[in-house]
Engineer: 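Just dropping this structure here.
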Amino acid sequence: MTSNPPRSFLGWKMVGLGSVCYGLAISPMYYCWGFFLPEMQADLGMNDTQGGLIFSVFSWIYHGLGPVAGFAIGRWGIRSMMSLGAVVGVVAFWLMSRVESFADAMFAYAVLGGISVGFGTILAAQALASNWFIRFRSRAMALILGGGAVVGYFTLRYFAPGILEVADWRTGWLIIAGISALVAILAALFMRGEPERIGQEPDGGVQAKVPESDAPSGPTGRGEWTAPLALRTSQFYVLVGLSIAYGVPWGIIAVFGRHHLDALGFTTAAAGSILGARVLVSLFGRLSAFAGDFMTPQRLLGIVLILEGIGCSLFIAANTALLAYLSMFLIGIGFGAAYVCIPVVYSAFYGRRAFATTVGIRFAITGVISPAAPTVAGMLSDWSGSHVLTLSVLSGLCLVGSLVAFGLRAPVLGARPIAPVAASSSSG
């Protein structure tokens, strides 16, 4: 296979394919849970706490699978894991179309859906960009993850409201199962996850054999990072905290955004349009992470966390269409850019070889904390009758995270394995 390498660089084609597979695999199932939730609650007899708990368990599972998925991607490749995840998704969402109780939904969506996402979407997509690109890693990451925003917009703006208008939520899940089958076929037939396996190098070089490292001197000039070394740096855990700061608001709004908009007096169609705008704008946020190729991604992360925090504040009392769309614009830009910045920072700090395992461990750690948020938000809603308190806390979380991001500096890999660079008082 490597004796006849392709004449043209496949990296950008893999970016396009990865964007399609990632978007179709994750967005319909992720966003339809919250949008279908009021109708599912009515049919299955669930309250907000139960609806949030299912989404929390789903998140716990796909986060917790991070280290296993990272190992599996390194051992069997991105193509195999994307295909496997999509096949599990077919089963999960077919079962969702037939659930009759809270327990049924917990197994189908939370357990099987979590396994599908854990193996076949987020980590696999991020590893694809990290494997194929070094110099243009930020823009490759942004383009691949941008597929989730494009498909998510059409899901919330057209697909989910349209299904509820002409059929029901069970039909919606059945169609999502068919979409997962399409992803499995595309990944199995066309995905190439590692350039070395077809005789190419990241960013377009051609080689005769697989190199031992990204560069002879490693990312810092004094060796190469491994996951155990990365875990001994404070920066790793700061990035875990920042992952929670930007991710929790997005997940809570995905589950309860329509509920909040209903309480503010918006119609179902208007809520779909507003929430769809949030996801569409997140595409521009993800593409704005191109700036990570020209400035430090951690500085960009600090800027966009401020925007996300302001957006959460505005959403509290967004009782006009203008305020609602403005809050979604700020949240979408902030989340979208942060979603790309975090893995880019990990890749820049710790190198390409340690990326999948390092980010997989980060998934597992954030998965202990972040997934509890929708359950807590549901409990607060059942107790207080609104999501105002939750949104206030989310705004503060983002603003504190922005200050931390501005002060973050890369670790140094030297003779003594870990010696973080001191933060400069003049930087910001």
Side-chain angles (χ1 to χ4, degrees), residues 29-64 96 99-111 113-114 117 169 240-241 243-266 268 271 274-275 278 308-309 311-319 324 327-328 331 335 363-401:
M29 59 84 63
Y30 184 91
Y31 293 112
C32 279
W33 175 260
F35 205 89
F36 291 160
L37 185 57
E39 286 74 20
M40 290 192 295
Q41 286 176 313
D43 289 350
L44 303 178
M46 299 189 303
N47 57 28
D48 280 358
T49 300
Q50 290 174 311
L53 179 60
I54 291 175
F55 197 83
S56 290
V57 174
F58 157 75
S59 300
W60 268 315
I61 288 175
Y62 83 71
H63 279 92
M96 271 301 301
V99 298
E100 296 295 342
S101 67
F102 165 74
D104 291 345
M106 178 69 77
F107 176 71
Y109 186 87
V111 177
V117 169
W169 58 271
V240 168
S243 300
I244 294 170
Y246 90 85
V248 165
W250 190 263
I252 288 178
I253 293 173
V255 178
F256 296 116
R258 183 184 161 197
H259 272 184
H260 185 62
L261 290 170
D262 286 348
L264 292 173
F266 291 93
T268 299
I274 292 166
L275 295 172
R278 172 188 71 130
E308 189 173 0
C312 288
S313 295
L314 292 177
F315 191 48
I316 293 173
N319 52 9
S327 67
M328 293 299 102
I331 292 170
F335 171 83
F363 275 4
I365 297 174
T366 58
V368 175
I369 302 171
S370 296
T375 300
V376 174
M379 294 172 65
L380 288 175
S381 173
D382 288 333
W383 172 69
S384 68
S386 76
H387 295 286
V388 171
L389 177 59
T390 298
L391 290 169
S392 300
V393 172
L394 296 179
S395 177
L397 184 65
C398 289
L399 295 175
V400 171

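Heavy atoms only: backbone and side chains are in, while hydrogens, waters and symmetry mates are out. Throughout, numbering of the chain's residues begins at 1 and tracks the sequence.
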Engineer: Could you report the tightest heavy-atom contact between T375 and S56, atom names first, then the distance?
Structural biologist: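 Taking T375 first and S56 second, the nearest heavy atoms are OG1-OG, 2.7 Å.
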
Engineer: Distance from I274 atom CD1 to L261 atom CG, nearest 0.5 Å?
Structural biologist: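 Here the rounded value is 5.0 Å.
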
Engineer: Let's go through M96 and V99 carefully: what are the C-alpha distance in whole Å and the side-chain angles of both, what is the deciding distance for side chain to side chain contact (heavy atoms under 4.5 Å, CB included) to 0.1 Å, and is it a yes or a no?
Structural biologist: CA-CA 5 Å; M96 271 301 301; V99 298; 4.0 Å; yes

Engineer: Find the distance between CD1 (I253) and CG (L275) and round it off to the nearest 0.5 Å.
Structural biologist: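 One finds 8.5 Å between CD1 of I253 and CG of L275.
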
Engineer: What is the distance from atom CZ of F315 to atom OG of S392, rounded to the nearest 0.5 Å?
Structural biologist: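 Those atoms lie 12.5 Å apart.
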
Engineer: Can you tell if the side chain of F102 reaches within under 4.5 Å of the side chain of M40, non-hydrogen atoms only?
Structural biologist: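 Heavy-atom side-chain distance check fails, nothing below 4.5 Å.
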
Engineer: Parallel, tilted or perpendicular, judged at 30° and 60°: which one describes the rings of F335 and Y246?
Structural biologist: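 F335 vs Y246 ring planes: tilted.
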
Engineer: Assess the residue pair R258 and F266 against the criterion (side chain to side chain contact (heavy atoms under 4.5 Å, CB included)); give the C-alpha distance rounded to whole Å, side-chain angles, the decisive distance to 0.1 Å, and a yes or no.
Structural biologist: CA-CA 9 Å; R258 183 184 161 197; F266 291 93; over 6 Å; no

Engineer: Is the shortest side-chain heavy-atom distance between L44 and S101 below 4.5 Å?
Structural biologist: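 Counting from C-beta outward, L44 and S101 never come under 4.5 Å.
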
Engineer: Run F55 and Y30 through side chain to side chain contact (heavy atoms under 4.5 Å, CB included) and show every step you take.
Structural biologist: CA-CA 9 Å; F55 197 83; Y30 184 91; 3.4 Å; yes

Engineer: Can you check whether V57 reaches Y109 side chain to side chain, under 4.5 Å on heavy atoms?
Structural biologist: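 No, too far: nothing below the 4.5 Å cut-off.
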
Engineer: Return yes when atom CE of M106 has more than 12 non-hydrogen atoms of other residues, nucleotides or ligands closer than 6.0 Å, and no otherwise.
Structural biologist: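 Check passes, neighbour count above 12.
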
Engineer: Could you tell me whether the side chain of H259 and the main chain of L37 form a donor-acceptor pair under 3.5 Å?
Structural biologist: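 Not confirmed, H259 side chain does not pair with L37 backbone.
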
Engineer: Measure centre to centre between the rings of Y31 and F35, then say whether the value is under 6.0 Å.
Structural biologist: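 So the answer is no for these two rings.
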
Engineer: Quick one: CG on L264 to CG on N319, what's the gap to the nearest 0.5 Å?
Structural biologist: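 So the gap between those two atoms works out to 6.5 Å.
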
Engineer: From I244 CD1 over to L397 CG, what is the distance, rounded to the nearest 0.5 angstrom?
Structural biologist: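 If we round to the nearest 0.5 Å, I244:CD1 and L397:CG are 8.0 Å apart.
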
Engineer: Any side-chain to backbone donor/acceptor pair from S313 onto S395? Under 3.5 Å, distance only.
Structural biologist: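 No: the side chain of S313 does not pair with the backbone of S395.
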
Engineer: Taking D382 for the side chain and T49 for the main chain, is one N or O donor matched with an acceptor at less than 3.5 Å?
Structural biologist: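 Yes, the answer is positive, given that a donor and an acceptor are paired below the 3.5 Å cut-off.
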
Engineer: Any carboxylate oxygen within less than 4.0 angstrom of a Lys/Arg side-chain nitrogen, looking at E308 and R278?
Structural biologist: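 No, this pair does not count.
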
Engineer: Are T390 and F256 close enough, and set up right, to give a side chain to side chain contact (heavy atoms under 4.5 Å, CB included), and what steps lead you there?
Structural biologist: CA-CA 11 Å; T390 298; F256 296 116; over 6 Å; no

Engineer: Hey, what do you get for CG (L53) to CE (M379), rounding to the nearest 0.5 Å?
Structural biologist: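 Spacing of CG (L53) from CE (M379) equals 10.0 Å.
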
Engineer: Is a donor on one side and an acceptor on the other found under 3.5 Å between the side chain of S327 and the backbone of L314?
Structural biologist: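 A pair under 3.5 Å: no.
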
